[in-house]
**Q** 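Next up is a structure, given as structure tokens.
Bear in mind that the values here come from a model prediction, so they are computed numbers and not experimental data. Below, read A as the first sequence line, B as the second, and so on, with proteins coming before strands; counting in each chain starts at 1.
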Amino acid sequence: MSENCNCNCGNNDNVNPNRESLDFVRQIVADDCASGKWGGRVATRFPPEPNGYLHIGHAKSIVLNSGIAQEFAGSFNLRFDDTNPVKEEDEYVQSIMADVRWLGGDWQDRLFFASDYFQQMYDWAVELIRKGKAYVDDLTPEEIRQYRGTLTEPGRPSPYRDRSVEENLDLFERMKKGEFANGARVLRAKIDMASNNLNLRDPIMYRILHATHHRTGDKWCIYPMYDWAHGLEDSIEKITHSICTLEFENHRPLYDWFLDQLDGVFHPQQIEFARLNLTYTVMSKRKLLQLVTEKHVNGWDDPRMPTVSGMRRRGYSPECIRSFCKKVGVAKFNSTVDVALLEHCVRAELNKTSSRYMAVLDPVKVVITNYPEGQSEYLDAVNNPEDASAGNRKVPFGREIYIEREDFMEDAPKKFFRLTPGREVRLRYAYFITCQEVIKDATGNIVEIRCTYDPATRGGDSPDGRKVKSTIHWVSVADNVKAEVRMYDHLFAKPDPEDVPEGQTFLNSINPESLKVINNAVLEPELGKLPAGTRVQFERLGYFCVDPDSTPARKVFNLTINLRDTWAKEQVK
RNA sequence: UGGGGAAUAGUGUAACGGUAGCACUAAUGACUCUGACUCAUUCAGUCUAGGUUCGAAUCCUAGUUCCCCAGCCA
């Protein structure tokens with residue numbers, strides 16, 4: 001008899017005899033489902049501290065937790081772990097909610113705050129004191145550190161460790177009432193000062209913090225520490241699988257100890273996985289904050305930042321971030337994923353979904369000498385060859401057009417297929433043109449290219465079946481919109497920004513060319529009508545999106561990611 | 001010289017004692033009104049040394065390397 005579970009986790013032997021490969025977290029969940037460990041129930045959560053903006057590493061956690069909930073017909077909570085008022089702000093809770101929602105994390109009506117549990121946590125702390133499992137310590141922070149011992153030497157018990165239950169109760173209540181200054185006393189769990197796991201050497205449960213909390217205001221002046229609070233939060237919410245990152249592995253014995261001391265509380269299982277690292281970027285909140293405050297970037301949502309808001313502004317879609325998170329997998333190996341994988345996911349998604357337009361970033365004028373002066377026309381263009389439902393549009397054409405400066409070469413090498421004197425190429429959706437003449441200024445810069453066109457090739461096909469080696473994009477001189485285009489590259493110049501000589505920091509790895517602003521780009525007119533946030537492809541260049549800095553008078557576009565460019569690679573050789 | 005984790009192509013991730021697979025990257029070619037996309041091909045891997053076994057990435061022993069822990073941060 002096979003054990004089936006009633007969720008769609010792929011663990012139903014009747015339906016799927018070859019259980020598809022699940023990551024180790026999902027395997028645990030599937031096994032629990034099969035064994036009925038939690039009554040078949042699955043409940044996950046994403047528990048951010050509102051002290052910064054979310055980044056791609058958080059996205060991995062959100063996709064994991066909400067994904068598991070979805071796949072196993074479970075529930076997913078968003079819970080703010082707001083136990084430290086000095087670092088937390090409402091601005092962050094707002095941005096986090098927006099980011100989680102944008103990524104597709106659906107917490108439905110289950111939005112929670114650790115701060116809503118403060119009274120319950122306090123009551124449980126009193127329970128621990130009553131059981132002789134916790135005590136108020138008067139040691140200074142410095143003394144506590146000294147008493148804790150080191151990695152190789154055991155700690156020593158605090159002289160206050162054996163206070164009576166009555167005295168502890170009294171002191172703890174007075175801590176709560178605000179009778180003592182910050183740092184004067186703490187409540188500690190009484191576990192084992194000689195434990196090899198430093199987390200078990202009488203960890204601090206409460207500290208005194210006379211600070212205004214973003215939600216509870218001045219109601220509390222003692223605040224629970226992570227280790228004490230987190231398991232309780234999970235327990236209150238009946239979380240089954242409390243998924244966190246590897247650095248909390250050492251904390252699991254403590255997570256379990258606290259829950260074991262309390263009577264009749266729900267005891268979730270903590271599971272740790274490796275956090276995400278990416279090449280050419282940094283991921284720690286501290287460093288991201290530093291980039292923002294020291295103005296190495298233009299805010300949390302700078303398109304070069306690995307923040308969710310930065311990637312959104314850059315033009316990444318939630319779908320591509322989700323597909324990336326799926327592809328990187330979940331394991332316990334501390335790895336660094338190549339940012340090229342992220343970029344692949346972005347291109348793959350945008351290729352399917354974005355409309356094509358023509359834009360010239362570095363314009364040079366082409367005059368079609370045999371095209372009648374004063375004449376113009378509209379040509380048909382396909383919006384998205386990958387998606388017929390995207391339809392068609394008209395693009396204005398005339399005697400003078402702009403093409404990309406790098407699409408012309410006077411002395412072209414053999415492998416250069418684009419415009420060069422005497423060669424015929426196709427203007428996308430327009431005509432075949434042949435370069436006849438190059439006009440330069442006094443310093444030798446090309447200012448104009450003179451071509452002839454073949455009227456019979458209107459639309460881009462030759463009736464006689466002759467071929468051209470390349471197709472280039474263009475924009476009408478008479479009918480276009482000007483725009484600013486921000487070209488982004490990796491924020492850091494090295495795969496590992498931390499890999500710097502003695503005395504330097506990751507800031508020394510910043511790529512000085514991570515942002516190049518193009519002020520004189522010309523776009524086909526349709527592009528001028530798009531609202532902020534719209535993701536498009538500039539043909540032959542890359543994916544771009546309309547930046548919120550755009551005004552009705554002047555559009556701003558961000559480069560999301562360039563198209564793969566084998567010609568550029570060829571040139572490097 | 002404490003404790004806790006982890007090691008599979010360049011990168012990431014599967015294989016749960018039975019043919020080391022997939023994706024990205026790179027290279028080559030085909031196709032092409034985007035030098036894109038797509039398709040095909042190729043390069044390339046079990047940390048080391050022993051052992052158990054008909055058979056080991058997987059089990060055992062020893063070692064090596066990397067990560068985490070001495071916040072009143074999370």
**Q** Please classify the nucleic acid contact of Leu427(A) as base, sugar-phosphate, or nothing, using heavy-atom distances under 4.0 Å.
**A** nothing

**Q** In whole angstroms, how far is the C1' atom of G71(B) from the CH2 atom of Trp228(A)?
**A** 20 Å

**Q** Under 4.0 Å, counting only non-hydrogen atoms across every strand here, what does Glu49(A) touch: a base, just sugar-phosphate, or nothing?
**A** sugar-phosphate

**Q** Please determine whether a side-chain nitrogen of the Lys or Arg among Arg45(A) and Glu237(A) lies less than 4.0 Å from a carboxylate oxygen of the Asp or Glu.
**A** no

**Q** What does A30(B) pair with, Watson-Crick or G-U, if both distances are under 3.5 Å?
**A** U38(B)

**Q** When you compare the side chain of Asp387(A) with that of Lys352(A), does any pair of heavy atoms fall below 4.5 Å?
**A** no

**Q** Which residue in the set Arg188(A), Arg207(A), Arg185(A), Lys190(A) passes salt bridge (Lys or Arg N to Asp or Glu O under 4.0 Å) when paired with Asp137(A)?
**A** Arg188(A)

**Q** What nucleic acid atoms does Arg428(A) come within less than 4.0 Å of, heavy atoms only: base, sugar-phosphate, or nothing?
**A** base

**Q** Whether Arg356(A) contacts U34(B) is assessed here as follows: a side-chain N or O lying under 4.0 Å from the phosphate OP1 or OP2. Is that the case?
**A** no

**Q** So, OP1 or OP2 of C73(B): does either fall under 4.0 Å of a side-chain N or O from Arg207(A)?
**A** yes

**Q** Answer yes or no: are there more than 12 heavy-atom neighbours, outside Arg275(A) itself, under 6.0 Å from its atom CZ?
**A** no

**Q** A74(B), OP1 or OP2 - any side-chain N/O from Arg275(A) closer than 4.0 Å?
**A** no

**Q** Check the distance between A74(B)'s P and Met205(A)'s CE and give it to me in whole angstrom.
**A** 14 Å

**Q** Angle class for the His213(A)/Tyr223(A) ring planes (parallel below 30°, perpendicular above 60°, tilted otherwise)?
**A** parallel

**Q** If C24(B) has a Watson-Crick or G-U wobble mate with both distances under 3.5 Å, name it; if not, just say none.
**A** G10(B)

**Q** Any chance you could lay out the side chain to side chain contact (heavy atoms under 4.5 Å, CB included) test for Glu386(A) and Asn351(A), step after step, and finish with the verdict?
**A** CA-CA 7 Å; Glu386(A) 306 283 330; Asn351(A) 177 50; 3.6 Å; yes

**Q** Roughly how many Å is it from CZ in Arg286(A) to P in A74(B), rounded to a whole number?
**A** 18 Å

**Q** Between Phe544(A) and Phe538(A), how do the two ring planes meet: parallel, tilted or perpendicular, split at 30° and 60°?
**A** parallel

**Q** Report the base-pairing partner of A70(B) (Watson-Crick or G-U wobble, both distances below 3.5 angstrom), or none.
**A** none

**Q** Would you indicate what Phe248(A) reaches in the nucleic acid, counting non-hydrogen atoms under 4.0 angstrom: base, sugar-phosphate, or nothing?
**A** base

**Q** P atom, U58(B) versus A62(B): distance in rounded Å?
**A** 16 Å

**Q** Across the strands shown, which category fits Val86(A) at heavy-atom distances under 4.0 angstrom: base, sugar-phosphate, nothing?
**A** nothing

**Q** Within the 4.0 Å heavy-atom criterion, would you say Phe538(A) contacts the bases, only the backbone, or no part of the nucleic acid?
**A** nothing

**Q** What nucleotide among C67(B), C69(B), A14(B) has an atom nearest to a side-chain atom of Leu151(A)?
**A** C69(B)

**Q** Please tabulate the protein-to-nucleotide N/O contacts below 3.5 Å involving nucleotides 25-31 of chain B, giving atom names and distances.
**A**
residue : atom : partner   : partner atom : Å
U25(B)  : OP1  : Arg564(A) : NH1          : 2.9
A26(B)  : OP1  : Lys569(A) : NZ           : 3.1
A26(B)  : OP2  : Arg564(A) : NH2          : 3.3
U28(B)  : OP1  : Lys573(A) : NZ           : 3.2

**Q** Under 5.5 Å centre to centre and under 30° between planes: does that hold for Trp567(A) and the six-membered base ring of G35(B)?
**A** yes

**Q** With a 4.0 Å cut-off on heavy atoms, is Gln537(A) in touch with a base, just the backbone sugar-phosphate, or nothing at all?
**A** base

**Q** Between C69(B) atom C1' and Leu198(A) atom CG, what is the distance in whole Å?
**A** 6 Å

**Q** Taking atom CD of Glu377(A) as the centre, report whether more than 12 heavy atoms of other residues, nucleotides or ligands fall under 6.0 Å from it.
**A** yes

**Q** Given atom NE2 of His251(A) and atom C1' of G5(B), what is their separation to the nearest angstrom?
**A** 13 Å

**Q** Within the structure, does a side-chain N or O atom of Thr336(A) lie under 4.0 Å from either OP1 or OP2 of U11(B)?
**A** no

**Q** What is the base-pairing partner of U1(B), counting Watson-Crick and G-U wobble geometry with both distances under 3.5 Å?
**A** none

**Q** Relative to the 5' end of RNA chain B, which residue comes earlier, Asp227(A) or Lys332(A), by the nucleotide with the nearest heavy atom?
**A** Lys332(A)

**Q** If we take the C1' atom in both G10(B) and U46(B), what is their distance in whole Å?
**A** 16 Å

**Q** Look at all strands and tell whether Ser354(A) reaches a base, only sugar-phosphate, or nothing, counting heavy atoms closer than 4.0 Å.
**A** nothing

**Q** Can you tell which of A36(B), C72(B), G71(B) lies closest to the side chain of Arg145(A)?
**A** G71(B)

**Q** Under 4.0 Å between a side-chain N/O of Gln27(A) and OP1 or OP2 of A15(B), yes or no?
**A** yes

**Q** With the side chain of Glu249(A) defined as its heavy atoms from C-beta on, choose the nearest nucleotide among C72(B), G5(B), A74(B).
**A** G5(B)

**Q** Using atom P of each nucleotide, how far apart are A7(B) and A14(B) to the nearest Å?
**A** 9 Å

**Q** Is the NZ or CZ atom of Arg215(A) both under 6.0 Å from the centre of the six-membered ring of Phe113(A) and within 45° of that ring's axis?
**A** yes

**Q** Please give the nucleotide sitting opposite U61(B) as a Watson-Crick or G-U wobble pair, both distances under 3.5 Å, or none.
**A** A49(B)

**Q** Quick check on U13(B): is either OP1 or OP2 less than 4.0 Å from any side-chain nitrogen or oxygen of Ser335(A)?
**A** yes

**Q** Step through the shown structure and confirm whether more than 12 heavy atoms of other residues, nucleotides or ligands are within 6.0 Å of NZ on Lys287(A).
**A** yes

**Q** Is it true that the NZ or CZ of Arg156(A) lies under 6.0 Å from the centre of Tyr147(A)'s six-membered ring and within 45 degrees of the ring axis?
**A** yes

**Q** Base, sugar-phosphate, or nothing: which does Leu139(A) touch, judged by heavy atoms less than 4.0 Å apart?
**A** base

**Q** Is Phe333(A) stacked on the base of A7(B) when the test is centres under 5.5 angstrom and planes under 30 degrees?
**A** no

**Q** May I ask you to say what Pro154(A) touches in the nucleic acid, namely base, sugar-phosphate or nothing, with a heavy-atom cut-off under 4.0 Å?
**A** nothing

**Q** Suppose we define a pair by two distances each less than 3.5 Å, Watson-Crick or G-U wobble; what does A44(B) pair with here?
**A** none

**Q** Looking at Tyr122(A), does the NZ or CZ of Lys176(A) lie under 6.0 angstrom from its six-membered ring centre and within 45 degrees of the ring axis?
**A** yes

**Q** I'd like to know if Glu247(A) reaches the base of C67(B) with its side chain, counting only an N/O donor and acceptor under 3.5 Å.
**A** no

**Q** If I take atom CE in residue Met358(A) and atom C1' in nucleotide A36(B), what distance separates them, rounded to the nearest angstrom?
**A** 15 Å

**Q** Would you mind reading off the distance between Phe273(A) atom CZ and C68(B) atom P, rounded to a whole angstrom?
**A** 17 Å

**Q** Could you tell me whether Asp461(A) contacts a base, only the sugar-phosphate backbone, or nothing, with contacts defined as non-hydrogen atoms closer than 4.0 Å?
**A** base

**Q** Pick base, sugar-phosphate or nothing for His230(A), based on heavy-atom distances below 4.0 Å to the nucleic acid.
**A** nothing

**Q** Please work out if Val186(A) contacts a base, only the sugar-phosphate, or nothing of the nucleic acid, heavy-atom cut-off 4.0 Å.
**A** base

**Q** Please report the distance, rounded to the nearest Å, between CD1 in Ile472(A) and C1' in U32(B).
**A** 17 Å

**Q** Examine A74(B): is either OP1 or OP2 under 4.0 Å from a nitrogen or oxygen in the side chain of Thr83(A)? Give yes or no.
**A** yes

**Q** Using a distance-only criterion (donor-acceptor N/O pair, under 3.5 Å, no hydrogens), is the base of C68(B) paired with the side chain of Asn250(A)?
**A** yes

**Q** Does C54(B) have a Watson-Crick or wobble mate here (both distances under 3.5 Å), and if so which one?
**A** G18(B)

**Q** Using atom P in both nucleotides, what's the gap between C47(B) and A20(B) to the nearest angstrom?
**A** 15 Å

